[in-house]
Chemist: 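So that we are looking at the same thing, I have put the structure below in structure tokens.
Quick note: residue numbers are just sequence positions, from 1.
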Amino acid sequence: CYRYLKLPFTADKPQFSKTNYLCYESGIGYLIKKKELAKHKTVLRFIESIDNITVYFVVYLKTGKNTFMRIHNDMPMLDEKTHGEGTSLNFNYGDNSSCLQFFDIKDYKDINIKVFDQSNVTDVGAFTKKEDNLYHNDFLKHTYQSVDENKCNFICESKYDTQHPTLVNLGRFHRGYNLNGVTDRYVVQYRLTYKNNYGSDLSFAEASNIFKDYIIDLT
């Protein structure tokens with residue numbers, strides 16, 4: 001579901017308080033940002049230096065203190081047994097009680113379809129209708145799968161992801177969990193794709209192999 005990394009640099013922390021999040025639940029925020037922003041350059045340069053990969057887009061996520069996200073899947077299941085493939089490199093900020101939790105669904109029929117619509121977001125650093133990008137419609141309206149907690153089984157959680165960057169398997173159901181947090185939890189998610197097949201997602205197994213020299217075991 002995830003891998004902790006030790007990277008040869010420290011990512012620049014964005015000014016989260018100045019981000020105008022799309023809030024879809026109380027305390028929960030989501031916003032797709034331009035990958036070319038100055039704060040992302042260090043991460044982009046590193047990713048592009050190690051293989052035929054680059055960043056498709058960047059997502060900012062907020063899970064307020066004493067809250068948790070809806071259980072969701074960023075790569076919708078292809079059928080009742082097959083998970084979609086996708087990987088992100090995440091940098092997480094918050095206190096040590098926050099984490100990312102992973103789940104298995106009990107029955108495919110329990111999946112709900114949700115849509116994040118940021119068509120009217122005015123943040124100048126976001127992808128908006130005026131953004132000249134081939135994939136801007138995907139950025140503006142993102143469809144995802146969700147499931148209620150009583151309809152799935154808990155698998156594991158990344159307990160140390162506010163201390164270490166993580167590779168995340170976007171094909172597994174997951175949620176940001178900050179119910180015991182005394183501060184807000186923020187995540188900068190770099191969605192990985194190919195330079196020569198831009199827009200196609202990297203499988204988690206392939207990403208784990210590419211980043212193998214940086215993976216650390218904290219079990």
Side-chain angles (χ1 to χ4, degrees), residues 9-48 53-65 67-76 84 86-94 98 100 113-146 161-162 165-168 170-171 174-176 178 181 183-195 198-202:
F9 65 92
T10 300
D12 293 326
K13 182 178 179 180
Q15 292 181 292
F16 295 113
S17 62
K18 295 185 178 181
T19 298
N20 298 320
Y21 287 92
L22 170 67
C23 291
Y24 55 94
E25 292 176 7
S26 178
I28 306 298
Y30 171 99
L31 189 68
I32 293 179
K33 300 283 282 187
K34 295 178 181 178
K35 70 176 186 178
E36 296 85 3
L37 296 178
K39 289 290 184 182
H40 303 150
K41 287 183 178 179
T42 302
V43 178
L44 265 64
R45 281 198 299 265
F46 169 74
I47 291 174
E48 294 184 352
I53 58 172
T54 186
V55 173
Y56 184 25
F57 57 90
V58 181
V59 182
Y60 282 29
L61 300 163
K62 174 185 177 181
T63 308
K65 57 185 178 181
T67 61
F68 52 85
M69 285 187 174
R70 187 189 303 271
I71 297 171
H72 63 282
N73 189 345
D74 294 312
M75 299 296 301
T87 308
S88 66
L89 172 58
N90 287 12
F91 293 84
N92 314 282
Y93 306 90
S98 76
L100 189 63
I113 303 298
K114 304 288 183 180
V115 177
F116 287 135
D117 185 350
Q118 58 176 33
S119 302
N120 296 319
V121 169
T122 58
D123 191 309
V124 295
F127 289 97
T128 68
K129 289 182 178 180
K130 296 179 181 179
E131 183 70 20
D132 184 18
N133 188 295
L134 180 63
Y135 298 93
H136 79 280
N137 287 335
D138 296 332
F139 301 147
L140 294 174
K141 292 187 178 181
H142 171 59
T143 301
Y144 70 101
Q145 295 177 337
S146 177
D161 70 350
T162 56
T166 53
L167 282 180
V168 175
L170 298 177
H174 59 277
R175 69 178 177 188
N178 199 26
T183 62
D184 294 335
R185 170 185 169 88
Y186 294 100
V187 179
V188 182
Q189 178 190 97
Y190 294 87
R191 183 74 159 262
L192 302 179
T193 186
Y194 299 93
K195 292 175 184 173
Y198 192 77
S200 297
D201 284 280
L202 223 63

Chemist: Please name the residue in the list Asp161, Thr63, Thr162, Thr67 that meets the side chain to side chain donor-acceptor pair (under 3.5 Å) test with Arg185.
Modeler: Asp161

Chemist: Is the NZ atom of Lys39 crowded by more than 12 outside heavy atoms at less than 6.0 Å?
Modeler: yes

Chemist: Can you confirm whether or not the ring centre of His174 sits under 6.0 Å from the ring centre of Tyr144?
Modeler: no

Chemist: Is the backbone N or O of Ile32 less than 3.5 Å from a side-chain atom of Gln118, with the two atoms forming a donor-acceptor pair by type?
Modeler: yes

Chemist: Given 3.5 Å as the limit, does a donor-acceptor pair link the side chain of Thr193 with the main chain of Gly199, or not?
Modeler: yes

Chemist: Of all residues at least two apart in sequence or in a different chain, which pass the ring-ring contact (aromatic ring centres under 6.0 Å, His included) check with Tyr21?
Modeler: none

Chemist: What are the two closest heavy atoms between Leu170 and Ser88, and how far apart are they?
Modeler: CD2-OG, 3.6 Å

Chemist: Quick check for you: to the nearest 0.5 Å, what is the distance between Met69 atom CE and Lys62 atom NZ?
Modeler: 11.0 Å

Chemist: Mind listing the closest non-hydrogen atom pair of Leu31 and Val121 along with its distance?
Modeler: CD1-CG1, 3.5 Å

Chemist: What's the spacing between Asn90 CG and Arg191 CZ if we round to 0.5 Å?
Modeler: 10.5 Å

Chemist: For Ser119, is there any backbone N or O sitting under 3.5 Å from a side-chain donor or acceptor partner on Asp117?
Modeler: yes

Chemist: I'd like to know if Lys41 pairs up with Asp12 as an ion pair, taking the criterion as any Lys NZ or Arg NE/NH1/NH2 lying under 4.0 Å from an Asp or Glu carboxylate oxygen.
Modeler: no

Chemist: Taking all heavy atoms of Val55 and all of Tyr198, pick out the closest pair and write down the distance.
Modeler: O-OH, 3.5 Å

Chemist: Once rounded to the nearest 0.5 Å, what's the spacing between atom NE2 of His142 and atom CZ of Phe57?
Modeler: 6.5 Å

Chemist: Sub-3.5 Å donor-acceptor pair from the side chain of Asn92 to the main-chain atoms of Gln189, do we have one?
Modeler: no

Chemist: Checking Arg175 against Phe68: charged group under 6.0 Å from the ring centre and within 45 degrees of the axis?
Modeler: yes

Chemist: Which atom names give the shortest non-hydrogen contact between Thr87 and Leu202, and what distance separates them?
Modeler: OG1-O, 3.0 Å

Chemist: For the pair Asp123 (side chain) and Asn20 (backbone), establish whether a donor and an acceptor sit closer than 3.5 Å, ignoring hydrogens and angles.
Modeler: yes

Chemist: Report the residues that fulfil ring-ring contact (aromatic ring centres under 6.0 Å, His included) with Tyr186, sequence neighbours left out, ordered by chain and then residue number.
Modeler: Phe16

Chemist: Does a sphere of radius 6.0 Å around NZ in Lys18 hold more than 12 heavy atoms from other residues, nucleotides or ligands, not counting ones at 6.0 Å or beyond?
Modeler: no

Chemist: Can you name the closest pair of heavy atoms from Lys35 and Leu44 and give their distance?
Modeler: O-CD2, 3.4 Å

Chemist: Testing the basics here: between Leu89 and Val43, what is the closest heavy-atom pair and its distance to 0.1 Å?
Modeler: CD2-CG1, 4.2 Å

